[in-house]
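No experiment lies behind these values; they were computed from the predicted model shown.
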Amino acid sequence: MTFEFKCATCGETHKGMPSFGSDKPSSYYELPEAEREERCECGADACVIDKKWFFVRGCIEIPVHGQKEPFIWGVWVSLSEDSFIKWKAVFDKDKRSHIGPLFGWLNTWLQPYPDTRNLKTMVHLRDHGTRPYIELEPTEHPLAVEQREGISEERVAQLYSMILHS
């Protein structure tokens, strides 16, 4: 059975588990717009700023109580140059889950939460071209708590409304 919920804001019934994400790391948006093209090399899964700041895209998966499919935040994580080199060396490989995990800092602010930038993470590479799983350090930050403990279907609807209707 497909997950669906009625949005409290618009009254529509939405089908499928929603997911939200950022196209670029927060550090990209902090640069003056006129300088971004010259200073950044960004693709769908990696971004390098000034040839010294390295970011990769991954997924924070939040279990949803009573559902098989998680709620997913598409996020960016900063890596050290050494970790980025390891990531890049296996990016196009079918089997890569044996590399890491790699330490990183979250570089996406997920607006429904207190500032999420610079939360400590572990980047777990996955096989078959699947974006990395991002594990948050187990702190009391609300996002980390939700990743550990899961959320209700009502919370999914609340997040959806906050993102699309705020």
Side-chain angles (χ1 to χ4, degrees), residues 3 16-33 35-64 67-139 141-148 150-151 155-156 159-160 162-164 166:
F3 176 72
M17 186 63 67
S19 62
F20 298 99
S22 178
D23 291 333
K24 302 279 189 291
S26 290
S27 294
Y28 172 89
Y29 296 110
E30 292 167 6
L31 297 173
E33 192 171 348
E35 297 176 16
R36 291 176 186 163
E37 187 174 329
E38 180 182 324
R39 295 175 60 189
C40 302
E41 297 173 37
C42 294
D45 292 287
C47 184
V48 178
I49 299 175
D50 296 332
K51 298 184 181 357
K52 65 178 181 178
W53 307 107
F54 305 92
F55 306 91
V56 298
R57 197 169 187 181
C59 303
I60 294 176
E61 297 180 0
I62 309 292
V64 178
Q67 297 294 319
K68 290 181 182 176
E69 191 177 354
F71 178 88
I72 298 173
W73 289 109
V75 298
W76 291 85
V77 174
S78 68
L79 296 178
S80 68
E81 184 174 10
D82 287 342
S83 290
F84 184 77
I85 290 168
K86 288 178 188 173
W87 175 89
K88 191 173 181 178
V90 297
F91 175 72
D92 291 326
K93 307 258 191 249
D94 194 46
K95 299 288 185 185
R96 56 190 183 185
S97 61
H98 63 283
I99 303 297
L102 308 170
F103 175 80
W105 299 93
L106 192 59
N107 197 259
T108 303
W109 187 355
L110 302 173
Q111 295 292 326
Y113 302 95
D115 196 350
T116 55
R117 292 170 296 186
N118 294 317
L119 292 178
K120 292 179 182 179
T121 70
M122 295 303 286
V123 178
H124 298 269
L125 302 184
R126 299 193 272 195
D127 295 333
H128 311 297
T130 303
R131 285 197 171 121
Y133 171 76
I134 308 302
E135 176 187 12
L136 297 170
E137 178 183 45
T139 66
H141 189 283
L143 180 60
V145 171
E146 288 186 351
Q147 186 179 42
R148 277 193 318 275
I151 59 175
R155 176 68 172 150
V156 172
L159 289 168
Y160 183 93
M162 291 168 76
I163 298 293
L164 291 184
S166 62

J.: Test of understanding: with disulfide bond (SG atoms under 2.5 Å apart), list the residues that count as partners of Cys59, not counting sequence neighbours.
T.: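 None.
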
J.: Applying ring-ring contact (aromatic ring centres under 6.0 Å, His included) between Phe54 and each of Trp87, Trp105, Phe84, Trp76, report the one that passes.
T.: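 So, applying the ring-ring contact (aromatic ring centres under 6.0 Å, His included) to Phe54 and each of Trp87, Trp105, Phe84, Trp76, only Phe84 qualifies.
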
J.: Would the distance check show the side chain of Asn107 and the main-chain N or O of Val77 forming a donor-acceptor pair, the cut-off being under 3.5 Å?
T.: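 No, because the side chain of Asn107 does not come within donor-acceptor range (under 3.5 Å) of the backbone of Val77.
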
J.: Quick one: do Glu61 and Arg126 make a salt bridge, cutoff under 4.0 Å?
T.: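 The answer is yes: the pair qualifies as a salt bridge.
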
J.: Minimum heavy-atom separation for Glu146 and Pro63, please, with both atom names.
T.: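 Answer, listing the atom of Glu146 first, then Pro63: O-CD, 4.0 Å.
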
J.: Do the ring planes of Trp73 and Phe20 sit parallel (below 30°), tilted (30 to 60°) or perpendicular (above 60°)?
T.: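 Geometry flag for Phe20 against Trp73: tilted rings.
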
J.: Taking all atoms of both residues into account, what is the closest heavy-atom pair of Val48 and Lys51, and its distance?
T.: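 Looking at all heavy atoms of both residues, the shortest contact is CG1-CA, 3.6 Å.
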
J.: Distance-only, no hydrogens or angles: does the His141 side chain make a donor-acceptor pair with backbone N or O of Leu143 under 3.5 Å?
T.: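 Confirmed, His141 side chain pairs with Leu143 backbone.
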
J.: What's the shortest heavy-atom distance between Leu159 and Pro112, and which atoms?
T.: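 Nearest heavy atoms, Leu159 then Pro112: CD2-CB, 3.8 Å.
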
J.: Write down the atom of Ile49, the atom of Tyr28, and the distance for their closest heavy-atom approach.
T.: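 The pair with the smallest heavy-atom distance is CD1-N, 3.8 Å.
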
J.: Between the main-chain N or O of Ile134 and the side-chain N or O of Gln147, is there a donor-acceptor pair closer than 3.5 Å?
T.: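 Yes; judged by distance alone, with no hydrogens or angles, the pair exists.
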
J.: Check step by step if side chain to side chain contact (heavy atoms under 4.5 Å, CB included) holds for Arg131 and Asp45.
T.: CA-CA 8 Å; Arg131 285 197 171 121; Asp45 292 287; 2.6 Å; yes

J.: Ignoring hydrogens, what is the shortest heavy-atom contact between Leu79 and Gly104? Give both atom names and the distance.
T.: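 For Leu79 and Gly104, the tightest heavy-atom pair comes out as CD2-CA, 4.2 Å.
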
J.: Out of curiosity, Ser19 OG to Ile60 CD1, how far, rounded to the nearest 0.5 Å?
T.: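 Between Ser19 OG and Ile60 CD1, I get 12.5 Å after rounding to 0.5 Å.
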
J.: Counting only N and O atoms by type, is there a donor-acceptor contact under 3.5 Å from the side chain of Arg57 to the main-chain atoms of Gly43?
T.: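 Here the side-chain-to-backbone pair does not exist.
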
J.: State whether the side chain of Arg36 and the backbone N or O of Leu31 hold a donor-acceptor pair below 3.5 Å, judged by distance alone.
T.: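 Flag set: sc Arg36 to bb Leu31 pair under 3.5 Å.
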
J.: Donor-acceptor pair, Thr121 side chain versus Leu106 backbone, under 3.5 Å?
T.: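 No; zero donor-acceptor contacts below 3.5 Å.
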
J.: Is a side-chain donor or acceptor of Gln67 paired with a backbone partner of Phe3 at a separation under 3.5 angstrom?
T.: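 Here the side-chain-to-backbone pair does not exist.
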
J.: Nearest 0.5 Å, please: how far is OG in Ser80 from CZ in Phe103?
T.: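 Result: 9.5 Å between the selected atoms.
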
J.: Is any side-chain N of the basic residue among Asp50 and Arg39 closer than 4.0 Å to the acidic one's carboxylate O?
T.: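 Result for this pair is yes, salt bridge flagged.
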
J.: Give a yes or no on this: more than 12 heavy atoms of other residues, nucleotides or ligands lie within 6.0 Å of atom NZ of Lys24.
T.: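 Counting other residues, nucleotides and ligands, NZ of Lys24 exceeds 12 neighbours.
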
J.: So Cys47 and Cys42, disulfide (SG to SG under 2.5 Å) or not? Walk me through it.
T.: CA-CA 4 Å; Cys47 184; Cys42 294; 2.1 Å; yes

J.: Can you tell me how far apart OH (Tyr29) and CG (Asp23) are? Round to the nearest 0.5 Å.
T.: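 Going from OH on Tyr29 over to CG on Asp23, the span is 5.0 Å.
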
J.: If you measure from NE2 on His98 to CG on Asp127, what distance do you get to the nearest 0.5 Å?
T.: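 Between atom NE2 of His98 and atom CG of Asp127 there are 8.5 Å.
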
J.: Under 3.5 Å, is there a donor-acceptor pair between the side chain of Ser78 and the main chain of Trp53?
T.: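 Checking the backbone N and O of Trp53 against the side chain of Ser78, no donor-acceptor pair under 3.5 Å is found.
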
J.: Look up atom CD in Glu137 and atom CD in Glu135, then write down how far apart they are to the nearest 0.5 Å.
T.: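 Nearest 0.5 Å value for the CD-CD distance: 10.0 Å.
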
J.: With rounding to the nearest 0.5 angstrom, report the SG to CZ distance, Cys40 to Phe55.
T.: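 Answer for the SG-CZ pair, Cys40 versus Phe55, is 8.5 Å.
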
J.: Closest heavy-atom contact between Pro132 and Leu125?
T.: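 Where Pro132 meets Leu125 most closely, the heavy atoms are CG-CD2, 3.9 Å.
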
